[in-house]
Amino acid sequence: MKSHLQQLIQQTLSTLQEQGELPDCDAPVQIERTRDKSHGDFACNIAMLLAKPARRKPREIAELIVGALPSSPQVSKVDIAGPGFINFFVSESAFHAVVPDILNQGDQYGRSHLGEGKRVQVEFVSANPTGPLHVGHGRGAAYGATVADLLAAVGFDVHREYYVNDAGRQMDILATSVWLRYLDLCGEEIDFPSNGYQGDYVWDIAAMVHRENTEAMQQAWAEISRDLPADAPQGDKETHIDALIARAKHLLRDDQYRLIFDLSLNYILDDIRDDLAQFGIVYEEWFSERSLADSGAVTRALERLQTSGHCYEKSGAIWFRSSDFGDEKDRVLVRDNGQTTYFASDIAYHMDKLERGFERVIDVWGADHHGYVPRVKAALLALGDEPARLDVLLVQFAVLYRGGEKVQMSTRSGEFVTLRQLRKEVGADAARFFYVMRKCEQHLDFDIDLAKSQSSENPVYYIQYAHARICNVFRKLDERGLNFDQADGIENLQLLSEAHEQALMNTVARYPEVVEAAALKHDPHQVAHYLRELATDLHAYYDTDNKRITLLVDNDALRNARLTLVSAVRQVLANGLNLLGVSAPAQM
RNA sequence: GCGCCCGUGGCUCAGCUGGAUAGAGCGCUGCCCUCCGGAGGCAGAGGUCAGAGGUUCGAAUCCUCUCGGGCGCGCCA
């Protein structure tokens with residue numbers, strides 16, 4: 001409908017331009033839905049935009065356009081209002097046409113081919129595999145997954161990816177932590193480092209290592225701890241743990257250390273994979289950071305930067321002159337000890353992403369990483385790539401509330417709330433919905449009590465209840481010995497003249513526009529808000545002014561028409577919920 | 001100090017590429033007291049869109065400054 005009106009206006013404009021009535025001008029033809037019914041269904045502001053270049057009053061231009069506008073069976077009336085808005089009133093038949101349209105398209109309604117199959121990569125979560133996902137990762141997970149699903153819904157070829165940081169120092173700390181717990185199980189008395197991973201899962205992995213290897217990797221604690229620099233508080237916890245890691249690698253030698261390292265990594269990756277799958281999130285690819293080093297991609301990236309003259313050496317390290325490309329200062333790529341930095345891997349990773357031929361690359365990061373964006377873009381620029389192909393979406397923090405109180409979290413002590421715990425407490429549906437309820441740049445207050453409550457205050461239940469309510473009507477149909485004929489219902493849609501029925505058709509017709517806007521702007525919350533509106537319309541229809549409009553009336557034509565309308569509503573509710581990764585139950 | 005994000009009724013937030021009298025939900029007040037599930041509905045009160053300038057026919061929306069809140073500024077990942 002929108003594009004139809006756009007065409008009508010466009011056509012009229014070219015005619016008027018040919019006749020010399022209007023100057024040539026490339027002002028965009030914007031059609032928007034009106035807020036107020038008295039302004040019709042759609043409005044166009046083109047007359048105001050043309051006022052200046054045409055040097056005429058907006059209302060005169062509007063009259064000119066309306067006068068030359070070809071008639072259309074879908075438009076019943078055209079008005080000029082206010083400063084020069086052109087208001088369109090949609091004809092009844094065109095208005096009703098969405099209903100059969102929705103029912104024909106079914107779960108495809110709202111999907112489109114806008115993306116033309118262009119390849120888009122969405123990388124999200126990518127939490128270090130050093131422990132279970134916590135609630136902070138949950139928002140990135142829900143948000144990233146929904147953005148990916150939205151893009152897929154509008155016709156992009158989406159590649160979901162998780163970047164596995166399996167090469168860094170944090171992994172060494174984990175492997176060493178596991179080994180120490182394993183030694184404890186072997187009966188060694190050890191002093192666990194203050195900077196080690198304290199969580200229970202470390203014990204679980206250690207127990208697994210112990211089961212499979214019994215005492216094969218046991219070493220005396222006295223030998224391990226000999227001459228180690230002191231741990232905090234007397235010494236520095238960082239130097240202590242680094243020395244401990246070096247000792248572990250030395251004593252265990254490559255094969256045994258690797259064994260513990262890989263067992264730990266795989267254990268945690270399995271946990272994360274399982275956790276996300278239960279959250280309705282499945283990736284096309286789990287991309288290993290280590291593979292970048294192994295394949296020589298990191299070296300290649302460094303060489304490309306060096307040969308293009310964007311690097312220099314200072315105090316034993318190799319620096320990238322990122323300040324030449326908009327970053328606030330230069331960054332180290334290779335440390336004085338010869339190790340490449342995380343940033344070097346990241347350059348290689350992004351280079352690899354673009355080389356894989358994605359039209360667009362989207363990274364979903366926590367907002368605390370925002371300072372990192374300029375340097376990655378700088379690297380792409382230096383490499384001669386287009387930084388514009390990379391979109392970094394920053395997600396603000398989520399804070400949990402329980403009983404009106406902020407839920408405190410501390411990662412180190414192992415007392416954090418895991419995503420798994422949250423799912424268990426509020427359910428995956430509520431969690432997915434709450435996480436995307438706010439736009440990503442907005443801090444999120446996640447009210448656990450609200451997410452669990454089964455009342456209209458809880459938007460998830462309110463929406464799901466609308467869906468279940470419709471399903472229930474169809475169950476009652478049989479009980480009452482009535483039948484439903486959809487074809488007859490479609491024939492009789494003109495019987496639906498109640499204000500609430502009109503409102504439902506209007507809302508339901510907007511759905512594809514909402515999906516499109518949400519996808520292109522990476523704004524899943526628009527779908528969440530839309531669904532709440534649709535549910536409100538449905539509940540209001542069902543319970544009109546305290547005099548319920550009965551759907552199951554004896555009049556066949558009217559009953560069929562009403563049931564046809566609500567089954568279209570049910571379809572849209574289901575499609576929308578599905579897009580957010582939330583179930584649409586038939587009963588609750 | 002510098003950079004990024006945010007600042008809309010008591011609370012939590014929408015507000016589409018600037019557009020026609022600023023919208024919801026919760027809470028509050030008053031109703032509908034069960035009829036296809038009241039897990040619902042209706043009505044009402046409540047807003048200098050943080051503040052000040054500017055651009056524009058038109059600004060919550062764009063620009064500048066000020067104030068307030070969050071986050072980030074490692075040869076960590």
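Chain identifiers are assigned alphabetically (A, B, ...) following the order of the sequence lines, protein sequences preceding nucleic acid strands; residue numbering begins at 1 within each chain. Scope of the values below: all heavy atoms of this structure, side chains included, with no hydrogens, waters or symmetry mates.
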**Item:** A/Tyr541 vs B/C42: side-chain N/O to OP1/OP2 distance below 4.0 Å
**Value:** no
**Request:** For A/Lys57, enumerate each residue passing the salt bridge (charged side-chain N to carboxylate O under 4.0 Å, His left out) test, keeping only those at least two apart in sequence or located in another chain.
**Result:** none
**Request:** Check the distance between B/G7's P and A/Arg438's CZ and give it to me in whole angstrom.
**Result:** 13 Å
**Request:** Write down the distance separating the P atoms in B/A60 and B/C75, rounded off to the nearest Å.
**Result:** 46 Å
**Aromatic plane relationship, A/His310 with A/Phe320 - under 30° parallel, 30 to 60° tilted, over 60° perpendicular** = perpendicular
**Item:** Pairing partner (Watson-Crick or G-U wobble, both distances under 3.5 angstrom) of B/C71
**Value:** B/G3
**Request:** Can you tell me the pairing partner of B/C42 across any strand shown, Watson-Crick or G-U wobble, with both distances under 3.5 angstrom?
**Result:** B/G30
**Prompt:** Between atom CD1 in A/Ile31 and atom P in B/C16, what is the gap in whole Å?
**Reply:** 18 Å
**Request:** Indicate, with a heavy-atom threshold strictly under 4.0 Å, whether A/Glu533 touches base, sugar-phosphate, or nothing.
**Result:** nothing
**Asked** Using the P atom in both, what is the distance from B/G9 to B/U61, to the nearest Å?
**Response** 15 Å
**Complete:** The answer to which of A/His529 and A/Asn45 contacts RNA chain B further toward the 5' end, by nearest nucleotide, is A/His529
**Request:** Taking only the side-chain nitrogens and oxygens of A/Gln442, find out if one of them lies under 4.0 Å from OP1 or OP2 of B/A14.
**Result:** yes
**Message:** For the P atoms, the ones on B/C49 and on B/A22, what distance do you get once it is rounded to whole angstrom?
**Reply:** 11 Å
**Prompt:** Touch check for A/Asp445, heavy atoms < 4.0 angstrom, all strands: base, sugar-phosphate only, or nothing?
**Reply:** sugar-phosphate
**Request:** Assign A/Asp447 to base, sugar-phosphate, or nothing according to its heavy-atom contacts below 4.0 angstrom with the strands shown.
**Result:** nothing
**Asked** When all nucleic acid strands are considered with a 4.0 Å heavy-atom cut-off, which category describes A/Asn87: base, sugar-phosphate, or nothing?
**Response** base
**Asked** Roughly, in whole Å, what's the span from NE2 in A/His522 to P in B/U17?
**Response** 13 Å
**Prompt:** Is there a side-chain polar atom (N or O) of A/Arg469 under 4.0 Å from OP1 or OP2 of B/G38?
**Reply:** yes
**Asked** Hey, does the side chain of A/Lys521 come within less than 4.0 Å of B/U17's phosphate (OP1/OP2), counting only N and O?
**Response** yes
**Request:** Look at the side chain of A/Lys439 and decide which nucleotide, out of B/G41, B/A14, B/U21, has an atom nearest to it.
**Result:** B/A14
**Message:** Between B/A24 and B/G47, how far apart are the two P atoms, rounded to whole Å?
**Reply:** 15 Å
**Prompt:** If we take the C1' atom in both B/G25 and B/C62, what is their distance in whole Å?
**Reply:** 30 Å
**Asked** Do A/Tyr197 and A/Thr130 come close enough that some side-chain heavy atom pair is under 4.5 Å?
**Response** yes
**Fill in**
Exactly one candidate in A/Phe446, A/Tyr461, A/Tyr143 meets ring pair (Phe, Tyr, Trp, His ring centres under 6.0 Å) with A/Phe434; the answer is A/Phe446
**Complete:** To the nearest angstrom, the CZ-P distance between A/Arg33 and B/G23 comes to 18 Å
**Complete:** Between CZ of A/Phe434 and P of B/G25 the distance, given in whole Å, is 16 Å
**Asked** P atom, B/G7 versus B/C16: distance in rounded Å?
**Response** 12 Å
**Message:** Just by distance, no angles: are the side chains of A/Tyr465 and A/Arg469 close enough, under 3.5 Å, to form a donor-acceptor pair?
**Reply:** yes
**Item:** A/Thr146 vs A/Arg432 side-chain heavy atoms within contact, under 4.5 Å
**Value:** yes
**Request:** For this output row, return yes or no: ring centroids of A/Phe287 and A/Tyr162 closer than 6.0 angstrom.
**Result:** no
**Prompt:** Between B/C11 atom C1' and A/Met437 atom CE, what is the distance in whole Å?
**Reply:** 14 Å
**Item:** Pairwise C1' distance for B/G27 and B/U66, with rounding to whole Å
**Value:** 34 Å
**Prompt:** So, is A/Tyr401 near the phosphate of B/U12, with a side-chain N or O under 4.0 Å from OP1 or OP2?
**Reply:** no
**Request:** For A/Met588, report the nucleic acid contact type (base, sugar-phosphate, nothing); a contact means any heavy atom under 4.0 Å.
**Result:** base
**Asked** Which part of the nucleic acid, if any, lies within contact of A/His525, taking any heavy atom under 4.0 Å across all strands shown: a base, the sugar-phosphate backbone alone, or nothing?
**Response** sugar-phosphate
**Fill in**
The side-chain hydrogen bond (donor to acceptor under 3.5 Å, both in side chains) partners of A/His369 (sequence neighbours excluded) come to none
**Request:** Sugar-phosphate atoms are those with a prime plus P, OP1 and OP2; base atoms are the rest. Using that split, label each nucleotide of nucleotides 71-77 of chain B B, S or - for protein heavy atoms under 4.0 Å, 5' to 3'.
**Result:** BSSSBSB
**Request:** Could you tell me which nucleotide pairs with B/U12 by Watson-Crick or G-U wobble geometry, both distances under 3.5 Å, or answer none if nothing does?
**Result:** B/A24
**Item:** Pairwise 5' ranking along RNA chain B for A/Arg532 and A/Tyr465, keeping only the more 5' one
**Value:** A/Arg532
**Prompt:** What class does the angle between the rings of A/His134 and A/His137 fall in, given that below 30° is parallel, 30 to 60° is tilted and above 60° is perpendicular?
**Reply:** tilted
**Prompt:** Taking any strand in view, what nucleotide pairs with B/U64 in a Watson-Crick or G-U wobble way, both distances under 3.5 Å?
**Reply:** B/A52
**Euclidean distance, atom CG of residue A/Leu534 to atom C1' of B/A24 [Å, nearest integer]** = 15 Å
**Request:** Take atom NZ of A/Lys37 and atom C1' of B/U21, then tell me their distance rounded to the nearest Å.
**Result:** 18 Å
**Message:** In whole Å, measure the gap between the P atoms of B/C67 and B/A52 for me.
**Reply:** 15 Å
**Message:** Applying a 4.0 Å non-hydrogen cut-off, can you work out what A/Gln587 is touching in the nucleic acid: base, sugar-phosphate, or nothing?
**Reply:** base
**Request:** Assign A/Ile80 to base, sugar-phosphate, or nothing according to its heavy-atom contacts below 4.0 angstrom with the strands shown.
**Result:** nothing
**Message:** Tell me whether A/Phe85 and B/A20 count as stacked here, given that the ring centres must be under 5.5 Å apart and the planes must differ by less than 30 degrees.
**Reply:** yes
**Request:** Kindly give the heavy-atom pair with the smallest separation between A/Leu531 and A/Leu577, and that separation in Å.
**Result:** CD1-N, 3.7 Å
